[in-house]
Amino acid sequence: MIDRTLYLNRIIDRMNNGSIKIITGIRRCGKSVLLFDIFGDYLKKSGIDENHIIKFAFDSDEYLELIGENIIDLAENKKKVDPHKFSAYVKSRVTDNENYYLLLDEVQQLGSFETVLNGFLYKKNLDVYVTGSNSKFLSSDIITEFRGRGDEVRVYPLSFREFYSARGGDKYEAWDEYHIFGGMPALFERKNDEQKSEYLQSLISKVYITDIIERNKVQYKDELDSMVDFLCSAIGSLTNPKKISDTLKSIKGKSISDITAKAYLSYLTEAFLFTEAKRFDVKGKKYFGTPLKYYVTDVGLRNARLNFRQIEENHIMENVIFNELRIRGYSVDVGVVETKETVEEGKRKTKQLEIDFVANKGNKKYYIQSAYEMPTEEKLQQEKRSLIKVNDSFKKIIVVKENVRPQIDENGIVTIGLINFLLDENSLDL
């Protein structure tokens, strides 16, 4: 069992809070295992009577038989599970006033599931947890279906720390594997690189993209495919709908308006396949409207989409750091520091310096640079320059690829090696 303690603790923190706990995230990232196996085991070890843990998987014939349903009949007739039968089953299981824990997997297969689950909110001794993998559960609008009483736990593919806890061995060999194939849990079931590659390529094309097309009734599949390729090629680069439109026209010969490009971007981010990072004026305390950066949720999917032809480790490292910060619960922006410099003839010119990431959570803030390598003093000073210009008391960190133990310079800037940064959950505070 892969250690997913981070998410388990987030679910535990939400127990008995009067809301429906909704486990979201892209398909195949481990939501079902987290809910049924990891959280289910936690409940039993906590002393909860097994009769008070009600599990139900709506895509399993074993469970469906309990309510007189048959998975083949449902599929052949394109029917949902009868909500009356299921509600009656839950009612029959709740036989006293003690707390019950209802764990539901693939709940979108239940007819009128929003109504059924909202009804459960009135049962004070019933604590409800759900996962789903249709288009609605893969988008940010699912919370609104539960009248403001849905509490989301976002699950990501395996972080490097989770990946390494399952893989073991040499840390640097583990990174070499992770930065190519990423962190989809089912990769551990594939025996060689060929099987891993085929799995990832099938996943992004036949599962994720197909779901986006069906959910949003996308008419121009080729253009959407081209946009996905563009975003995968340009991770960490500033872009906007017009730039995407112009690029696809000039390079791919695809005619797509900036309005359509904007819509497609929203589809890809709502499905959790990509995440946008806005640009934030650190000194002016305001956001720039455009352009933005986009990072892929799993670098293995990104590499597979490009047929493993563009493995630029520096860009992949930046994407992994972004994902790591998001996994740790931080909101992440791209920092912009405006500074005035003297140019020729004594004229002053405003220049924008970039900080890769500004990570915020509550009253915590960190400025972070991803620097694959710093072979010269000039490169070192270039990476430090924007951090020095911030001129506030929040922590400033440079993450480098090489194996460097945390060290702090005279400006208070910490330099740390990538592997140490990823494996130590407290690395931001070293």
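The residues of the chain are indexed from 1 along the displayed sequence. Computed from heavy atoms alone, side chains included, the values below leave out hydrogens, waters and symmetry copies.
Taking the six-membered ring for Trp and the full ring otherwise, Phe39 and Tyr129 have centroids separated by under 6.0 Å. The aromatic ring centres of Tyr63 and Phe58 sit 6.0 Å or more apart. Aromatic pair Tyr294/Phe274: centroids not less than 6.0 angstrom apart. In this structure, Phe163 has its ring center under 6.0 Å from that of Phe188. For Phe421 and Phe160, the distance between ring centers is not under 6.0 angstrom.
Ion pairing of Lys283 with Glu338 is absent here, as no side-chain N (NZ or NE/NH1/NH2) approaches a carboxylate O to less than 4.0 Å. Using a 4.0 Å cut-off between charged nitrogen and carboxylate oxygen, Asp151 and Arg10 do not count as a salt-bridge pair. For Glu313 and Lys401, the salt-bridge test passes: some basic side-chain N is under 4.0 Å from an acidic carboxylate O.
When only modelled atom types and interatomic distance are considered, Thr269 and Glu276 share no side-chain donor-acceptor pair under 3.5 Å. Checked by atom type, the side-chain pair Asp281/Gln352 shows no donor-acceptor distance below 3.5 Å. Side-chain contact check for Glu377 and Gln381: at least one donor-acceptor pair (N or O, by modelled atom type) lies under 3.5 Å. With no hydrogens or angles considered, a side-chain donor-acceptor pair links Tyr172 and Asn403 at under 3.5 Å. Defined by atom type and a distance below 3.5 Å, a donor-acceptor pair is missing between the side-chain atoms of Asp127 and Asn99. A side-chain N or O of Asp333 and one of Tyr287 form a donor-acceptor pair less than 3.5 Å apart.
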